Amino acid sequence: MAPAVPTTMDRPHFIGIGGAGMSGIAKILAQRGAAVAGSDAKESATAAALRELGVTVHIGHAAEHLAADATCVVVSSAIRADNPELAAAAERGIPVVHRSDALARLMDGLRPIAVAGTHGKTTTTSMLAVSLDALGLNPSYAIGGDLDGPGTNALHGSGDIFVAEADESDRSFHKYAPEVAIILNVELDHHANYASMDEIYESFETFVGRVRPGGTLVVSADQAGARELTERVSGRHDIEIVTYGTAEDADVRVLKVTPRGLASEVTILLNGKMLTFAVSVPGSHYAHNAVAALAAGVALGIPAHNLASALGKFTGVGRRLQLKGEANGVQVIDSYAHHPTEMTADLEAIRGAAAGSRVLVVFQPHLFSRTQELGTEMGRSLTLADASVVLDIYPAREDPIPGITSALIIDAAEKAGADVRAEHDMAAIPDVIAGMARPGDLVLTMGAGDVTDLGPKILARLEN
């Protein structure tokens, strides 16, 4: 078993502790007994949840927030070099630990499952965490979103399995040494860090090279980038490679995905036997995520029929087609999709569940660099909606790029035949949607930024 707290991390200070990845690591360290502190730009529900675990959370960034007895400072790639707390750590000689290194240390002595891919990591990691917990295996997990069931993104469990997202965006997944690795898909994204698909493939090859000898790689047999990667790593004979999907040569064959409203049922062929189980979220892409989770669990020696039953306990994860509520016959659903492939998959899933109802989208592009490279494809994705409203770009960690605005997406959408309009004032959206929606419609708030905050406000306006 892993030590209670990794060496030098008994009094860590997290800069940006409210972030999805950072808060998860902070929670696990606090649960292991560390005296955790940190800072974040603004107050949040995450900050409140951390305080309930005994974590000291400062709002705003200042050198004095760094305690005199801090043993290390944990940062993510989003923290800028001029952050005053980071500068104070340098002046005082306090070790600076990247988030991925901290997570890697938490996995020491355990059996890690690392979930990688351009899309679907959070959902698949969540499915594994919920199903393994339902089987009484008490896994530890670190996830980029909050589970519907336990309502948290991280937990220090008493079992020997650790399930974690493996983030390729800044190559930080090279730090992990999983017993089982899942690769859901391989596509070009994170354009500030990757200049080409060749760089993406090289990065994923490095990740596969970190799988422990005797371990397993679970990889999609359907997605073109994943198939190419499988070819590139096929020379590694000290691990087992298990493919899954609808392809005839898949080791775990997906035979059928049947929509069941906002859920689905999937039938697979595994080791010559058919197995059918329920997935409590809509869309074939989520059904395939569940199959990847099942294959990973089987690789750890867990019976497939047990996992199939336990996967039915998964009820979703925050922001992944999460139903926020219904008002005056209009359902409001939140989607984290921000890459064209994700947008298309979620819109197709909602289309399948809509049963003829209209689908209205409020889309907020995420990052200037992503919009610059993929804005045309984003616009084309919006043709799957009956009508869309596009907000200004959410910058996150980036500075503006001259000439790159939401107009790029809107122009592409209009050329593809979509009904789309711009809205620069987020506060106006509830009124805009109230003027568009009618009973039976589905409203989808979509994007990785603060568009998620609009759901309750739209519902309140619809009620009035």
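Since the model is a prediction, treat every value here as computed from it, not as a measurement.
Scanning both residues, Leu311 and Ala290, for their nearest heavy atoms gives CD1-O, 3.6 Å. What you find for Pro112 and Met107 is that their closest heavy atoms are CB-SD, 3.7 Å. Residue Ala221 comes nearest to Ala250 through the heavy atom pair CB-CB, 3.8 Å, listed as atom of the first residue, atom of the second, then distance. Here the shortest heavy-atom pairing between Leu307 and Ser131 reads CD2-OG, 4.2 Å. Here the closest non-hydrogen pair linking Ala396 and His366 is CB-NE2, 3.8 Å. Summarising the geometry of Ala327 relative to Leu462, their closest heavy-atom pair is CB-CB, 3.8 Å, with the distance given to 0.1 Å.
Contact check for Leu391 versus Met426: side-chain heavy atoms found under the 4.5 Å cut-off. Side chains of Ile429 and Asp431 form no contact here, defined as non-hydrogen atoms less than 4.5 Å apart. Counting heavy atoms from C-beta on, the side chains of Leu155 and Lys27 never come closer than 4.5 Å. Put simply, the side chain of Cys72 does not reach to within 4.5 Å of the side chain of His13, judged on heavy atoms. Contact annotation: the side chain of Ile15 approaches that of His61 to within less than 4.5 Å [non-hydrogen atoms, C-beta and beyond]. Side-chain contact between Tyr176 and Asp101: absent, with no pair of heavy atoms (C-beta onward) separated by less than 4.5 Å. Residues Met446 and Val451 are not in side-chain contact: their nearest non-hydrogen atoms beyond the backbone lie 4.5 Å or more apart. Side-chain contact between Ile183 and Phe204 is present, with at least one heavy-atom pair separated by less than 4.5 Å.
Atom CG of residue Leu360 and atom CG of residue Asp441 lie 4.5 Å apart, to the nearest 0.5 angstrom. Between Leu454 atom CG and Leu459 atom CG the span is 10.5 Å, to the nearest 0.5 Å. Atom CE of Met378 and atom OG1 of Thr371 lie 4.5 Å apart (nearest 0.5 Å). How far NE2 of His156 is from CZ of Arg32: 5.0 Å, rounded to the nearest 0.5 Å. To the nearest 0.5 Å, the span separating OG on Ser335 from CE on Met343 amounts to 8.5 Å. To the nearest 0.5 Å, atom NZ of residue Lys256 and atom OG1 of residue Thr258 are 4.5 Å apart.
Side-chain atoms of Thr123 and Asn289 form no donor-acceptor pair, as typed in the model, at a separation below 3.5 Å. Side-chain contact of Ser406 with Asp392: a donor-acceptor pair under 3.5 Å is absent, judged by distance alone. No side-chain donor-acceptor contact under 3.5 Å links Ser23 and Thr46. With 3.5 Å as the limit, one finds a donor-acceptor pair spanning the side chains of Ser203 and His174. Side-chain contact, His285 with Thr341: no donor N or O sits under 3.5 Å from an acceptor N or O. Counted by atom type alone, Asp167 and Ser169 present one or more donor-acceptor pairs between their side chains at under 3.5 Å. Remark: the Ser39 side chain and the His65 side chain contain no N/O donor-acceptor pair separated by less than 3.5 Å. Side-chain contact of Asp222 with Ser220: a donor-acceptor pair under 3.5 Å is absent, judged by distance alone. Side-chain contact, Ser388 with Asp419: no donor N or O sits under 3.5 Å from an acceptor N or O. In the model, Asp189 has no side-chain atom that pairs as donor or acceptor with a side-chain atom of His119 under 3.5 Å.
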Applying side chain to side chain contact (heavy atoms under 4.5 Å, CB included), run through Val115 and Leu128 and close with a yes or a no. CA-CA 10 Å; Val115 183; Leu128 273 163; 4.2 Å; yes

Run the numbers on Glu43 and Arg51 for salt bridge (Lys or Arg N to Asp or Glu O under 4.0 Å), then give the verdict. CA-CA 11 Å; Glu43 192 62 70; Arg51 290 191 186 103; 2.8 Å; yes

Give the C-alpha distance, both sets of side-chain angles, the deciding distance and a yes or no for side chain to side chain contact (heavy atoms under 4.5 Å, CB included) between Gln31 and Leu53. CA-CA 7 Å; Gln31 290 163 355; Leu53 291 172; 4.2 Å; yes

Passes side chain to side chain contact (heavy atoms under 4.5 Å, CB included), Thr124 versus Leu184? Steps please. CA-CA 9 Å; Thr124 307; Leu184 303 162; 3.5 Å; yes

Is there a salt bridge (Lys or Arg N to Asp or Glu O under 4.0 Å) between Glu265 and Arg260 once you walk through the steps? CA-CA 7 Å; Glu265 185 178 82; Arg260 304 288 188 200; 3.3 Å; yes

Steps toward side chain to side chain contact (heavy atoms under 4.5 Å, CB included) verdict (Val252, Thr243): CA-CA 6 Å; Val252 183; Thr243 61; over 6 Å; no

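A distance-only check finds no donor-acceptor pair linking the side chain of Asn185 to the backbone of Gln223 [under 3.5 Å]. Panel note: side chain Thr267, backbone Leu255; no donor-acceptor pair is recorded below 3.5 Å. At least one donor-acceptor pair under 3.5 Å links the side chain of Glu398 to the backbone N or O of Ser369. Ser357 contributes a side-chain N or O that, together with a main-chain N or O of Gly440, makes up a donor-acceptor pair within less than 3.5 Å. Side chain of Glu199 to main chain of Ser196: no donor-acceptor pair is present (N/O by atom type, distance under 3.5 Å, no hydrogens or angles). No donor-acceptor distance shorter than 3.5 angstrom exists from the side chain of Thr445 to the backbone of Val362, with no hydrogens or angles considered. With Arg351 contributing its side chain and Leu384 its backbone, the two residues share a donor-acceptor pair below 3.5 Å. The main-chain N or O of Gly379 is never found under 3.5 Å from a side-chain atom of Thr383 such that the two would form a donor-acceptor pair. Side chain of Gln322 to backbone of Asp334: no donor-acceptor contact under 3.5 angstrom is found. When atom types are taken as modelled, the side chain of Asp40 and the backbone of Ile59 share no donor-acceptor pair closer than 3.5 angstrom.
Residue Gln364 is tested with Asp450, Ile393, Thr452 for a side chain to side chain contact (heavy atoms under 4.5 Å, CB included); the sole match is Asp450.
Taking the ring centroids of Tyr336 and His338, they lie under the 6.0 Å cut-off.
Electrostatic pairing of Arg232 and Glu205 counts as a salt bridge here, judged by a charged N lying under 4.0 Å from a carboxylate O. Between Arg80 and Asp399 there is a salt bridge, since at least one side-chain N of the basic residue sits less than 4.0 Å from a carboxylate O of the acidic one. Ionic pairing of Arg461 and Glu463 is not present here: no N-O contact between side-chain nitrogen and carboxylate oxygen is shorter than 4.0 angstrom.
Ring geometry for Phe173 against Phe207 counts as parallel: the plane angle stays under 30°, on a 0 to 90° scale with 60° as the upper cut.
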